[in-house]
There are 2 protein chains.
Amino acid sequence: MNAVDHMNAVDDIAGRPREGNTMTEDTARLRQPSMADVARTAGVSAQTVSRALRGSPNVNPETRRRVLAAVEQLGYRFNSAARALSSGRSHTIGLVLLASGGYYSRSAVTAGVEAAAGAAGYAVSIATIAALDTGLMEQSLSKLADQGVDGFVIAVPLISVTRKMEDITRDIPTVTLDGSRTAGARVLGIDQREAGRVATQHLLDLGHRQVWHISGPDEWIEARRRRQGWQECLSSAGIEAPPLLEGDWSPDSGYRQGQIIAMIPEVTAVFVASDEMAFGVIRALHERGRSVPDDVSIVSVDDIALAAYSAPPLTTVRQDFYHYGAAAVALLLGEDADTEGAAGTQGDSVAASLTVRASTAPPRTH
Amino acid sequence: MNAVDHMNAVDDIAGRPREGNTMTEDTARLRQPSMADVARTAGVSAQTVSRALRGSPNVNPETRRRVLAAVEQLGYRFNSAARALSSGRSHTIGLVLLASGGYYSRSAVTAGVEAAAGAAGYAVSIATIAALDTGLMEQSLSKLADQGVDGFVIAVPLISVTRKMEDITRDIPTVTLDGSRTAGARVLGIDQREAGRVATQHLLDLGHRQVWHISGPDEWIEARRRRQGWQECLSSAGIEAPPLLEGDWSPDSGYRQGQIIAMIPEVTAVFVASDEMAFGVIRALHERGRSVPDDVSIVSVDDIALAAYSAPPLTTVRQDFYHYGAAAVALLLGEDADTEGAAGTQGDSVAASLTVRASTAPPRTH
DNA sequence: GTTACGTATGGCACCGATAACATAGGCTCG
DNA sequence: CGAGCCTATGTTATCGGTGCCATACGTAAC
């Protein structure tokens with residue numbers, strides 16, 4: 001089917017065999033040198049070249065030296081398509097991202113994945129899905145599967161896993177970041193429940209008697225877990241949780257929920273599920289004349305680069321997305337990192353830690 | 001050389017031939033179906049299958065239908081490695097990004113590139129360089145070249161172009177975003193000079209007699225051009241430009257420069273080269289008791305998602321990074337977009353437009 | 001009624017590497 | 001000293017497509 005889709009694809013760039021070259025070099029060099037060329041130059045067989053380059057133990061050091069010299073001399077670079085075809089591995093990792101939902105995290109996770117993959121000799125191919133939609137998700141996975149990726153890092157909270165997704169992730173090793181599990185996928189997760197708990201506890205410790213929560217969308221596992229942590233923390237303090245407000249991670253949704261909060265005089269502390277929403281919340285509160293943190297304390301999650309430059313600077317639970325992406329790759333490549341065990345237990349290779357700034361304070365004492 | 005580096009790479013994932021399968025299907029299906037299989041099923045030759053799938057005009061509609069049916073039935077997907085090897089095209093575009101310098105733009109450009117590439121049947125492989133360094137840049141290009149990408153989108157401001165970069169970009173079609181040109185590369189650019197002019201003019205129009213500027217780092221072409229626009233605008237208004245302050249795009253650098261600004265009473269208007277720096281500037285000003293926009297007006301560039309949620313909301317020159325990335329791919333694929341002509345002239349396919357919010361106001365009248 | 005050309009299709013070599021098997025010395029050990 | 005094994009290397013088949021050429025048929029042109 002994807003093969004069919006491809007019918008309409010445009011074939012354009014490349015193909016014109018570099019006619020623009022400075023024609024100064026001998027014409028024989030038009031084609032990139034191949035292993036056979038290296039073999040000839042070094043006076044060995046192509047197979048030996050292959051072995052030498054891949055570090056096989058059974059190669060005479062002297063031979064290896066000759067091969068490397070020939071490689072250097074000819075400027076040989078391996079052809080990854082050929083390698084992929086014959087070895088069955090593409091040395092490429094597919095990264096699935098969600099276009100909405102926090103550009104900071106996306107960008108940091110990407111950087112982490114790419115760095116770790118690159119260090120291990122893997123390339124990273126990306127697929128972004130525009131919205132949290134099962135169909136789009138399937139499409140992206142197929143697309144990457146067609147490209148022949150050796151593994152997936154899925155940085156999208158899979159809530160409902162379809163048969164097709166199962167099929168694909170069963171054939172190709174997969175690590176899901178904070179998502180739900182599929183048949184074959186391993187899950188790497190920050191302990192989001194703990195994050196929710198820490199944030200909420202911080203507010204209680206400051207003396208607040210009640211903590212409200214503006215969560216992320218219910219389809220997101222992160223959102224659910226943070227909410228869980230919030231609830232658990234409140235109930236273990238003997239407090240009944242107030243009504244839940246829900247945003248969609250965008251600053252704008254934070255603004256809208258913030259307008260509601262601003263109208264409820266008794267609110268003194270809010271746990272907001274992301275920094276970006278917190279920006280919106282604070283703005284709404286200010287517009288209604290409620291001061292942060294004097295009237296209302298705000299804690300959020302992420303610690304994006306701008307968190308320290310909010311007005312007031314945000315107290316927030318830090319998430320190290322870069323490290324997070326890198327850990328996913330490590331897990332995928334088998335250099336084991338912590339894996340999630342059962343439904344709720346998860347490795348905390350990437351710990352959640354609270355950064356206290358100025359958006360939280362003890363409640364006003366009348 | 002890269003071939004040599006590869007010696008140390010780790011080969012791990014994949015390779016274990018999906019032993020975890022639900023063994024319910026007939027054993028013959030262990031291997032993915034190939035074109036030959038499709039050909040057999042459809043009763044034609046493999047060559048015809050290839051033609052049918054690629055949309056060759058010389059295929060009988062009836063035959064094509066049979067082929068597509070066979071594809072559907074077998075769940076055939078083409079093997080991209082094989083295709084790349086035999087056709088010499090990988091259908092992959094390499095995207096080079098800079099880890100520092102604004103995660104918003106990075107993330108949006110990436111999304112744009114990926115969307116446009118995907119629509120044209122191309123995959124996107126990324127390489128992030130940690131800092132603006134010639135060596136790292138060369139490395140990234142080689143890495144992608146080794147992967148056999150068909151084209152480059154370079155979203156990094158190349159200032160000094162080395163021989164090696166020239167070599168690579170001469171062989172492989174390249175589009176540079178707002179960078180300097182290399183031998184073979186085309187350059188796509190927002191008219192940054194115009195952006196600088198628009199921003200500065202806005203402040204002058206409000207009645208300010210002088211406009212200060214906090215620029216980005218000098219190695220960045222964007223930074224230079226914005227500064228140029230600022231200078232030109234001032235000089236054509238008969239104003240002598242004040243001393244230049246320089247940041248590094250980070251909010252923190254904005255904060256530091258903002259502290260300086262705050263100490264100079266006569267400053268009433270500042271053009272800050274990026275939104276993220278503007279956050280820092282505003283914070284510094286507030287801390288010193290100077291109000292934005294009452295005491296000092298601030299205009300910046302980018303219009304990131306949080307720009308509307310700054311306190312006060314930022315007046316800023318919008319850049320549509322997503323569109324920008326998409327346009328680069330279009331240019332690369334030959335569906336011509338605007339190209340930069342000579343040194344200074346550039347296509348404005350992606351226009352710069354001012355979004356007026358609350359960080360600018362007329363100067364206080366004493 | 002040949003010639004000439006366009007359309008639909010098949011056959012085969014080949015892209016560049018790797019896996020699997022084969023081979024030839026050299027060494028160990030009973 | 002011959003069996004058995006390890007090391008270093010070569011040979012061949014193969015991965016799954018695509019490029020190029022050949023072929024067969026139908027039809028328009030002279």
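Just so it is clear: chains get the letters A, B, ... in the order the sequence lines come, proteins before strands, and each one is counted from 1. Computed from a predicted structure; not experimentally measured.
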Provide, to the nearest angstrom, the distance between the CG atom belonging to L74(A) and the P atom belonging to dG16(C). 14 Å
Between protein and nucleotides 16-19 of chain D, what N or O pairs are separated by less than 3.5 Å?
residue: dG17(D); atom: OP1; partner: Y76(B); partner atom: OH; Å: 2.9
residue: dG17(D); atom: OP1; partner: N79(B); partner atom: N; Å: 3.4
residue: dG17(D); atom: OP2; partner: M35(B); partner atom: N; Å: 2.8
residue: dG17(D); atom: O5'; partner: Y76(B); partner atom: OH; Å: 2.9
residue: dT18(D); atom: OP1; partner: R83(B); partner atom: NH1; Å: 3.4
residue: dT18(D); atom: OP2; partner: S50(B); partner atom: OG; Å: 2.3
residue: dT18(D); atom: O4'; partner: S86(B); partner atom: OG; Å: 2.6
residue: dG19(D); atom: OP2; partner: R54(B); partner atom: NH1; Å: 3.1
residue: dG19(D); atom: O6; partner: Q47(B); partner atom: NE2; Å: 2.5

Checking R77(B) side chain against D146(A) main chain: does a donor-acceptor pair fall under 3.5 Å? no
I need the CG-P distance between L53(A) and dG16(C), as an integer number of Å. 16 Å
OP1 or OP2 of dA17(C) sitting under 4.0 Å from any side-chain N/O of S80(A)? no
Establish, with yes or no, whether the OP1 or OP2 oxygen of dG10(D) is under 4.0 angstrom from a side-chain nitrogen or oxygen of T48(A). yes
Go through the steps for T92(A) and Q147(A) under the test side chain to side chain donor-acceptor pair (under 3.5 Å), then give the verdict. CA-CA 9 Å; T92(A) 299; Q147(A) 289 168 34; over 6 Å; no
Rounding to a whole Å, what distance do you find between N58(A):CG and dA22(C):P? 18 Å
Bend angle of the helix from dG1(C)-dC30(D) to dG30(C)-dC1(D), from helix axes over five pairs at each end, nearest 10°: 40°
R64(A) atom CZ is separated from dT9(D) atom P, nearest whole Å, by 10 Å
Does the S90(A) side chain pair with the main chain of G148(A), one donor and one acceptor, at a distance under 3.5 Å? yes
Atom CG of L95(A) and atom OG of S125(B): how far apart are they, to the nearest 0.5 Å? 11.0 Å
For the pair made of CG in N60(B) and P in dC25(D), what is the distance, rounded to whole Å? 16 Å
Counting N and O atoms only, with roles assigned by atom type, does the side chain of R64(B) sit under 3.5 Å from a partner on the main chain of S56(B), one being a donor and the other an acceptor? yes
Let me know the distance between NE2 of H91(A) and C1' of dA17(C), rounded to the nearest Å. 12 Å
The reported gap from CD in E138(B) to CG in D133(B) (rounded to nearest 0.5 angstrom) is 9.0 Å
Measuring only between side-chain heavy atoms, which start at C-beta, is V44(A) closer than 4.5 Å to R66(A)? yes
Side-chain donor or acceptor of D150(A) paired with backbone N/O of R89(A) under 3.5 Å: no
Roughly how many Å is it from CD in E62(A) to P in dA8(D), rounded to a whole number? 13 Å
Within the structure provided, determine whether M137(A) and I154(A) are in side-chain contact (heavy-atom separation under 4.5 Å). yes
